[in-house]
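All ligand and atom numbering here is 1-based and tracks the order in the structure.
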Amino acid sequence: MATDYYDILGVSREADDAEIRRAYRKLARELHPDVNPDAAERFQQVKSAYEVLSDPEKRRIVDLGGDPNATAGAGGFGGSGFGGAGFGGLGDIMDAFFGAAGGGGGRGPRGRVQPGEDALIRIDLTLEECAAGVARELTVDTAVLCERCQGGGAEAGSHPVPCDTCGGRGEIQNVQRSFIGQVVTARPCPVCRGLGEIIPNPCQQCAGDGRVRARRTVTVQVPPGVGDGMRIRMAGQGEVGPGGGPAGNLYVEVTEAPHEYFERDGVDLHCHVSLPMTAAALGTTLRQRTLEGDEELHIDPGTQPGTVHTLRGKGMPRLRSSGRTDGRGDLLVHLDVAVPENLDARQTELLRELASLRGEEQPEYAGQARNGLFGRRKAGRTR
Ligand SMILES: [Zn+2]
Ligand SMILES: [Zn+2]
């Protein structure tokens, strides 16, 4: 029974990328091991469901009734990217389609040299890394050009020759008589696998495929200002194609870890600071955390709950599609006021005295509400 990735994220099968991303962000925040150590297993499930559903190729496998994680075991990064050789399940399905389409006949052999697939790799970045940019070494496991044959697939001194079995057509026609007449079916030639030619003396390194799998290290330069879900394209660093065909691109997708203190909204950051009631009333100076270290934040006397202080230019770099950054967003500090609890006798006495001095000891001072709205109504009613 295949894992129901949609169910794990709590989204419908029709959910678009944005919905899937939202659902994941919400669950990840609730289940993150830093927040909720008991939910580690569920967090992994959610993470893996997101990895599958946010990857168009893997999602397609799910929608076809398969499970990309069930077949993609070996790959260094979740099945070695898009649709590559790794997916036994998908290969079979695609062969079935390909075979059916090939039944029309007359397509001739397919070329030995095919363009390579794109590959996708994800990196986890902290908010600080997203803000500052980072160079990250990645280990990628992709098909690379076979150096022994330079992609040609033949041992030195030997060359491909036309396939005898299919006469170089790459397919074999089968004529059957039936009660509705003559039925012609065509299928890819099993000897040359539809290529129309065979290599009598295939390269000993790649067995004629022109490419080999290799693990290598590449360095991705992540620009400042990236965010969750952004992809950095590394041209020509994906899979080399069959027959040494041109390599696809490698996409590096950023997964931004939720931050313990800052909440990100585009280029702006938000945080909440709780002030004791006395500090809000008397005014104070706080040490305010920013991405670049602490700053002094002056709180005016009489600061009300819900006051927002905007620290201009202390948010995230604004990343343009050109890859350059252009200014920065703001840091918005939301001030909450904590009303003192568990007063002892002396504190109670002092607060009573304060209330008395301010004429606030009567229970019915709703009439002095700041916006005056309730006061006016009440006054109207008592008149
Ligand atoms: Zn080779
Ligand atoms: Zn053949």
Side-chain angles (χ1 to χ4, degrees), residues 72-77 79-88 90-119 121 139-177 182-218 234-250:
F77 47 100
S80 69
F82 296 142
F87 303 131
L90 181 66
D92 295 344
I93 293 165
M94 295 312 286
D95 280 352
F97 289 152
F98 184 78
R107 287 164 45 112
R110 61 190 172 97
R112 172 179 298 281
V113 181
Q114 303 276 338
E117 306 276 350
D118 292 336
I121 188 166
T139 303
V140 286
D141 183 353
T142 60
V144 299
L145 192 69
C146 173
E147 299 209 334
R148 187 178 173 94
C149 65
Q150 288 298 312
E155 277 289 283
S158 98
H159 297 281
V161 296
C163 172
D164 285 340
T165 310
C166 62
R169 283 186 302 275
E171 61 178 28
I172 292 176
Q173 292 197 345
N174 203 5
V175 181
Q176 280 180 314
R177 292 188 179 285
Q182 193 168 287
V183 179
V184 181
T185 54
R187 60 194 169 91
C189 170
V191 175
C192 63
R193 289 174 297 128
L195 299 174
E197 57 179 29
I198 54 170
I199 297 173
N201 190 10
C203 169
Q204 289 174 19
Q205 193 72 43
C206 64
D209 193 30
R211 52 182 184 164
V212 289
R213 291 207 77 78
R215 204 167 260 254
R216 69 206 150 94
T217 306
V218 297
M234 300 182 75
Q237 298 278 9
E239 305 269 348
V240 162
N249 299 321
L250 172 64

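Note on the Zn ion (ligand 1): protein N, O or S atoms under 2.8 Å away count 4, no waters included.
Proximity of E171 to C166: side-chain heavy atoms (C-beta onward) are nowhere separated by under 4.5 Å. Using a 4.5 Å cut-off on side-chain heavy atoms (C-beta onward), I172 and P190 make contact. Within the 4.5 Å cutoff, the side chain of V161 has heavy atoms near those of the P200 side chain.
With the Zn ion (ligand 2) at the apex, C163 SG and C192 SG define an angle of roughly 120° (rounded to 10 degrees).
A side chain to side chain contact (heavy atoms under 4.5 Å, CB included) with R216 is found for one member of T139, D141, T142 and no other, namely T142.
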Please lay out, stage by stage, how C203 and E155 fare under the test side chain to side chain contact (heavy atoms under 4.5 Å, CB included).
-> CA-CA 4 Å; C203 169; E155 277 289 283; 4.1 Å; yes

From CA spacing to verdict: side chain to side chain contact (heavy atoms under 4.5 Å, CB included), Q204, R148 = CA-CA 8 Å; Q204 289 174 19; R148 187 178 173 94; 3.8 Å; yes

